[in-house]
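Below you'll find the structure, written out as structure tokens, and then a few comments.
All values derive from a computational prediction rather than experimental measurement. Only heavy atoms go into these numbers, but all of them, side chains included; no hydrogens, no water, no symmetry mates.
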Amino acid sequence: MTDSDSRGGADRVDGVEGPGELPERSEPAVRAESAESVESDPDHVPGTAPHGYGHGHGHHRIEAVVAAAPDGIVAVDEDGLIRLCNPAAAELFGRPAGELPGLAFGFPLTAGGTTEIDLVLPSGSGRVVEMRVTATHSSGERLYIATLRDVTERRRTQRALEAALARQDTVIAVTAHELRNPLATIGVLAHTLRDAGAALTDEQRTDIAHRIVESTEMLQSLVRKHLAAARIDAKATHVTPRPVPVLELVLELVGAVPEDAPETEVDCAPGVVAYVDRGDAWEMLTNYLENAFTHGAPPYAIHVTESPDAVEIRVRDEGPGVPPESVPRLFRRFSRVPPAPGGPRGGSHTWRPGQQGGAGLGLWIVRNLARAGGGDAWYEPGEGPGSVFCLRLRRAPPGPEEP
């Protein structure tokens with residue numbers, strides 16, 4: 001359980017990483033006492049590791065304090081060797097207490113200092129430990145007393161909080177950027193109606209109203225996506241699966257798009273039933289269809305197949321597709337992938353919600369919701385030009401609710 005120093009020196013606590021080199025030694029300064037010597041010592045305090053230096057009354061008092069402390073405590077001599085440890089320290093190092101005395105501590109010690117060290121345990125797992133160091137003398141020998149406290153969970157929580165704050169900053173920046181264009185458009189058009197209303201023709205008024213509606217739909221899409229992302233972040237995606245007839249859902253979705261939206265072909269057998277939260281299924285397919293209308297080109301199609309345990313839905317378009325090097329990051333949060341060269345971006349239609357680039361949330365939402373419901377989401381290149389975005393849902397078991 002110990003490694004010898006390559007220069008023939010002191011043993012070192014195995015699996016512990018830390019800065020600093022220990023002094024060279026031809027022989028360990030301290031060797032652990034045998035079990036017989038410990039048993040014959042009437043003053044030995046149970047629960048502390050054996051030691052190898054003089055047995056003065058001061059030392060016995062140190063042993064008593066060390067054994068009772070809830071934090072890990074090790075006494076280290078000026079040569080960097082562990083002379084004494086308590087059970088809490090042995091647990092932190094992941095070793096029996098009897099193995100530690102005589103081993104090199106492996107970390108620089110400065111009296112009055114507090115630092116965090118990373119321990120690598122024999123099992124390969126790690127711990128973050130806060131170390132406070134004081135100096136004392138016992139039996140004429142100078143010792144460093146290192147008090148060790150496991151702060152792994154605190155550090156993990158701190159890192160998670162930092163990541164959440166960074167993500168929140170990104171969300172705010174992206175949202176502000178995405179809100180700016182449609183809000184500015186609505187503001188300009190509203191002022192036009194107010195200031196030049198009497199001079200506008202009916203056709204101009206209709207066009208302005210249409211553009212206001214289009215910008216409003218973009219805002220609604222953005223708000224919907226951010227609300228879905230917030231639910232995912234809060235782990236509030238309480239999935240309530242139930243049998244959902246897929247053809248009915250798809251036709252309802254296609255019928256909900258504005259009149260000027262491009263035509264979408266639907267290929268789905270009437271009897272296909274998925275076992276999914278209906279609201280989540282609507283959100284996932286809406287994001288896929290918006291993505292196709294925004295970044296693809298007609299013709300558009302929704303193709304549904306089924307297997308014994310799954311329903312697969314593919315949303316196809318014949319736009320420029322996705323560059324192969326961009327595919328791995330397609331479903332990442334805030335990912336915005338440029339279109340592949342060699343094809344037009346978008347079709348001749350006018351309804352393109354999120355046409356300024358989108359918030360980079362739609363595909364990330366699809367994958368998270370799909371996996372929360374026991375399915376998955378992925379991308380496939382089209383057979384020719386274009387893209388195929390795929391969604392796998394659980395198939396509903398046969399039952400009285402299934403048509």
### Summary
For Gly94 and Pro122, the nearest pair of non-hydrogen atoms, with its separation, is O-CG, 3.8 Å
### Task
State, with a plain yes or no, whether a side-chain heavy atom of Ile302 is found less than 4.5 Å away from one of Thr264.
yes
### Message
A side-chain contact here means heavy atoms from C-beta on lying under 4.5 Å apart; do Leu393 and Met284 qualify?
### Response
yes
#### Entry: Close side-chain approach of Phe389 to Leu363, heavy-atom, < 4.5 Å
yes
#### Entry: Contact check, side chains of Val273 and Val244, non-hydrogen atoms, under 4.5 Å
no
### Query
Going through the distances and angles, do Thr115 and Met131 end up as a side chain to side chain contact (heavy atoms under 4.5 Å, CB included)?
CA-CA 5 Å; Thr115 187; Met131 180 175 70; 3.8 Å; yes
### Task
Flag the pair Arg371 and Asp376 as a salt bridge only when some basic side-chain nitrogen lies within less than 4.0 angstrom of an acidic carboxylate oxygen.
yes
### Message
Just checking Gln204: does its CD atom have more than 12 heavy atoms from other residues, nucleotides or ligands closer to it than 6.0 angstrom?
### Response
yes
### Query
Does the pair Val246 and Glu306 meet the rule for a side chain to side chain contact (heavy atoms under 4.5 Å, CB included), with working shown?
CA-CA 11 Å; Val246 177; Glu306 60 180 337; over 6 Å; no
#### Entry: Residues Arg156, Glu153; criterion salt bridge (charged side-chain N to carboxylate O under 4.0 Å, His left out); working and verdict
CA-CA 5 Å; Arg156 185 180 294 115; Glu153 191 59 35; 2.6 Å; yes
### Message
Any side-chain to backbone donor/acceptor pair from Tyr288 onto Cys390? Under 3.5 Å, distance only.
### Response
yes
### Message
Between Arg142 (side chain only) and Ala135 (backbone N and O only), is there a donor and an acceptor less than 3.5 Å apart?
### Response
no
### Query
Taking it one step at a time, do Val276 and Val311 satisfy side chain to side chain contact (heavy atoms under 4.5 Å, CB included)?
CA-CA 10 Å; Val276 63; Val311 173; over 6 Å; no
### Task
Please work out whether the ring planes of Phe93 and Phe105 are parallel, tilted or perpendicular, with thresholds of 30° and 60°.
perpendicular
### Task
Return yes if some donor-acceptor pair links the side-chain N/O of Asp317 with the main-chain N/O of Gly386 below 3.5 Å, else return no.
no
### Query
Would Leu289 and Tyr300 satisfy side chain to side chain contact (heavy atoms under 4.5 Å, CB included), going step by step from the backbone distance to the final call?
CA-CA 9 Å; Leu289 204 56; Tyr300 302 96; 5.5 Å; no
#### Entry: Residue Glu263 excluded, over 12 heavy atoms near CD under 6.0 Å
no
### Task
Answer yes if the side chains of Arg224 and Asn287 hold a donor-acceptor pair under 3.5 Å, and no otherwise.
yes
### Message
I'd like to know whether CD of Glu325 has more than 12 heavy-atom contacts from other residues, nucleotides or ligands below 6.0 angstrom.
### Response
yes
### Query
Got a salt bridge between Arg159 and Glu162, using NZ or NE/NH1/NH2 to carboxylate O under 4.0 Å?
no
